[in-house]
Chemist: 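I have a structure here, written as structure tokens, and I will follow up with some questions on it.
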Amino acid sequence: MSDLADRRGVLYPDRLPTFHRENAPSELCDRIRWFWIPRWRLAPGETSRQELLPFPASNLVVEPGGVSLSGPTTGISHRDLRGTGWAVGALLRPAGLASLTTAPQRLRDAETPFVSAELHRAVAEAMSGARVGSEAGSETGSEAGSEAGPEANEALGGTSGTVGGTSAVDQREAVARGRAIHAFSAWAAEHLAPPDDGGALANAMEDLIASDRSIVRVGQVAAVLGVSTRGVQRLAHRYVGVTPLAMIRRYRLQEAAQRLRDDPSVTIAQIAADLGYSDHAHLSADFRTVLGRSPNSYRRGPGAAAKGSSDG
């Protein structure tokens, strides 16, 4: 079961039966956009590959083996899930990332260990029922990629059953997620500083690009924010780690992918027009550059991409 109202960024949402996103508490929403929590248990020898078109942002991720800071990507990413495991990630706002690094461009396409025994211990105890040294320490899970989803799930042990239409396992998982988010939020409130003027402006830049599909040029962002084009570029460099044009293209491609999945009747030309592309050929070129496949091959499903396609 997935709790995924916003399906952008996930290339194949049907592979996410047990993935949860929770908005950050209001007092942290200027530093964290949301928390995401997968947990999985796969049969021996089984691998589940999750393919993502990540948001142009960084994630701070806690897993049984430690904490990592994953930067924005220039293409799609994947995560191979094996065995049993979990993750609790925070999708960082530009202002939130500023407390963790002064050079986010160095995080691009990289996953870097982040040393915080306090954060790891608090979240791991919440997710494993305080059995950090036993069950949590034996969990193994994922390789590569950024934000990811799980496949197949039990959790937290104990007997099964239902209460009021909800299984006991589901209830325990919900409690564990709540405790993990509370622990992560407490850490973030202490370690992620409130936005300065630059961070607040960088957040406004991100909100504008993410929400207004008519934004297709950096100059439009500059005009709305009341700064120069160079000023927008400096904001992205300092607070995001990719160029503002890369941010614009990523959000537009995420929306294009979602519409290709969800509406078989809409044409690629119509999607291109709605998202501000001059024609469908430019959308197809961006799609191929970032996803490595054409819009039509993506629409047909994961098997089609492996066969190759020359259509747009």
Side-chain angles (χ1 to χ4, degrees), residues 6-13 15-16 19 33 36 38 47-61 68-81 87 89 91-92 94 97 101 103-112 142-149 206 209-210 213 215-216 218 233 236-237 239-261 268 271-272 275-277 280-312:
D6 187 341
R7 293 154 67 93
R8 290 177 301 171
V10 182
L11 291 179
Y12 300 104
R15 297 179 181 176
L16 299 177
F19 183 80
R33 185 170 294 278
W36 49 271
T47 299
S48 175
R49 172 161 290 195
Q50 308 297 328
E51 294 185 80
L52 292 307
L53 182 60
F55 287 84
S58 295
N59 289 270
L60 186 61
V61 186
S68 61
L69 182 60
S70 296
T73 69
T74 56
I76 62 173
S77 64
H78 71 268
R79 191 179 185 97
D80 288 332
L81 306 181
L91 180 65
L92 299 172
L97 179 62
T101 180
Q105 66 278 3
R106 296 178 183 172
L107 298 173
R108 190 184 308 143
D109 292 321
E111 184 176 355
T112 305
S142 54
E143 295 180 355
S146 301
E147 179 179 318
E206 180 186 64
I209 293 172
R213 65 166 59 168
I215 297 293
V216 293
V218 178
Q233 293 169 339
H237 180 81
Y239 292 94
V240 182
V242 294
T243 68
L245 184 58
M247 295 176 66
I248 292 169
R249 288 179 171 171
R250 177 57 55 90
Y251 278 110
R252 301 296 88 82
L253 281 178
Q254 284 184 335
E255 184 166 352
Q258 182 168 344
R259 294 188 64 187
L260 285 166
R261 286 194 313 265
I268 296 170
I271 293 174
L275 297 181
Y277 284 88
H280 84 279
H282 284 84
L283 171 60
S284 295
D286 269 3
F287 220 85
R288 287 179 180 278
T289 298
V290 177
L291 276 75
R293 67 201 76 175
S294 72
N296 272 333
S297 66
Y298 171 70
R299 174 175 258 170
R300 288 196 296 268
K307 300 173 184 175
S309 175
S310 60
D311 53 11

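Below, each value reflects all heavy atoms present in this structure, side chains not excepted, and no hydrogens, waters or symmetry copies.
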Chemist: Do you know the tightest heavy-atom contact between Ala236 and Val242?
Modeler: CB-O, 3.2 Å
Chemist: Does a side-chain heavy-atom distance below 4.5 Å link Ser284 with Pro295?
Modeler: yes
Chemist: When rounded to the nearest 0.5 angstrom, what distance separates OG in Ser58 from CG in Leu107?
Modeler: 5.0 Å
Chemist: Can you name the closest pair of heavy atoms from Leu11 and Tyr298 and give their distance?
Modeler: O-OH, 2.6 Å
Chemist: Show the nearest heavy-atom pair for residues Ser68 and Glu111, with the distance to one decimal.
Modeler: OG-OE2, 3.1 Å
Chemist: Report yes if the side chains of Leu52 and Val10 come closer than 4.5 Å at any heavy-atom pair, otherwise no.
Modeler: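 The answer is yes, as the side chains (C-beta and beyond) meet within the 4.5 Å cut-off.
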Chemist: Looking only at heavy atoms, which two atoms of Glu206 and Ala57 are closest? And how far apart?
Modeler: OE2-CB, 4.3 Å
Chemist: Is a side-chain donor or acceptor of Arg79 paired with a backbone partner of Gln50 at a separation under 3.5 angstrom?
Modeler: no
Chemist: Do any N or O atoms from the side chain of Asp109 and from the backbone of Thr74 form a donor-acceptor pair under 3.5 angstrom?
Modeler: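 Yes, the answer is positive, given that a donor and an acceptor are paired below the 3.5 Å cut-off.
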Chemist: The criterion is ring pair (Phe, Tyr, Trp, His ring centres under 6.0 Å); which residues satisfy it with Tyr239, sequence neighbours excluded?
Modeler: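 Per chain and number, Tyr239 pairs via ring pair (Phe, Tyr, Trp, His ring centres under 6.0 Å) with no residue.
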Chemist: So do the side chains of Arg261 and Tyr12 get within less than 4.5 Å of each other, counting heavy atoms only?
Modeler: no
Chemist: Let me confirm one number: the CD1-CZ distance from Ile76 to Arg293, rounded to the nearest 0.5 Å.
Modeler: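 So the CD1 of Ile76 and the CZ of Arg293 are separated by 4.5 Å.
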Chemist: Can you give me every donor-acceptor pair (side chain of residues 244-253, partner residue at least two apart or in another chain, under 3.5 Å) with its distance?
Modeler:
{"residue": "Arg250", "atom": "NH1", "partner": "Pro54", "partner atom": "O", "Å": "2.8"}
{"residue": "Arg250", "atom": "NH1", "partner": "Thr73", "partner atom": "OG1", "Å": "3.3"}
{"residue": "Arg250", "atom": "NH2", "partner": "Thr73", "partner atom": "O", "Å": "3.2"}
{"residue": "Arg252", "atom": "NH1", "partner": "Ile215", "partner atom": "O", "Å": "2.8"}
{"residue": "Arg252", "atom": "NH2", "partner": "Ile209", "partner atom": "O", "Å": "2.6"}

Chemist: With side chains defined as the heavy atoms from C-beta onward, is the minimum distance between Ile271 and Tyr277 less than 4.5 Å?
Modeler: no
Chemist: Under the side-chain contact (heavy atoms from CB on, under 4.5 Å) rule, what do Thr112 and Thr101 come out as? Steps first, then yes or no, please.
Modeler: CA-CA 11 Å; Thr112 305; Thr101 180; over 6 Å; no
Chemist: Measuring only between side-chain heavy atoms, which start at C-beta, is Thr243 closer than 4.5 Å to Val218?
Modeler: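 SC-SC contact between Thr243 and Val218 ruled out.
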Chemist: Please round to the nearest 0.5 Å and tell me the distance separating atom CZ of Arg299 and atom CG of Leu260.
Modeler: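 Here the rounded value is 5.0 Å.
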Chemist: Would you compute the distance between atom CG of Leu92 and atom CG of Leu60 and round it to the nearest 0.5 angstrom?
Modeler: 6.0 Å
Chemist: Any chance CZ of Arg213 has more than 12 other-residue heavy atoms, nucleotides or ligands included, within less than 6.0 Å?
Modeler: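 Yes, because the 6.0 Å sphere around CZ of Arg213 holds more than 12 heavy atoms from other groups.
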Chemist: Set out, in order, the CA-CA distance, both residues' side-chain angles and the distance that settles side-chain contact (heavy atoms from CB on, under 4.5 Å) for Leu275 and Val216, then state yes or no.
Modeler: CA-CA 8 Å; Leu275 297 181; Val216 293; over 6 Å; no
Chemist: On a heavy-atom basis, which atom in Pro38 and which in Phe19 lie closest, and how many Å separate them?
Modeler: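 Closest pair (atom of Pro38, atom of Phe19, distance): CB-CD1, 3.9 Å.
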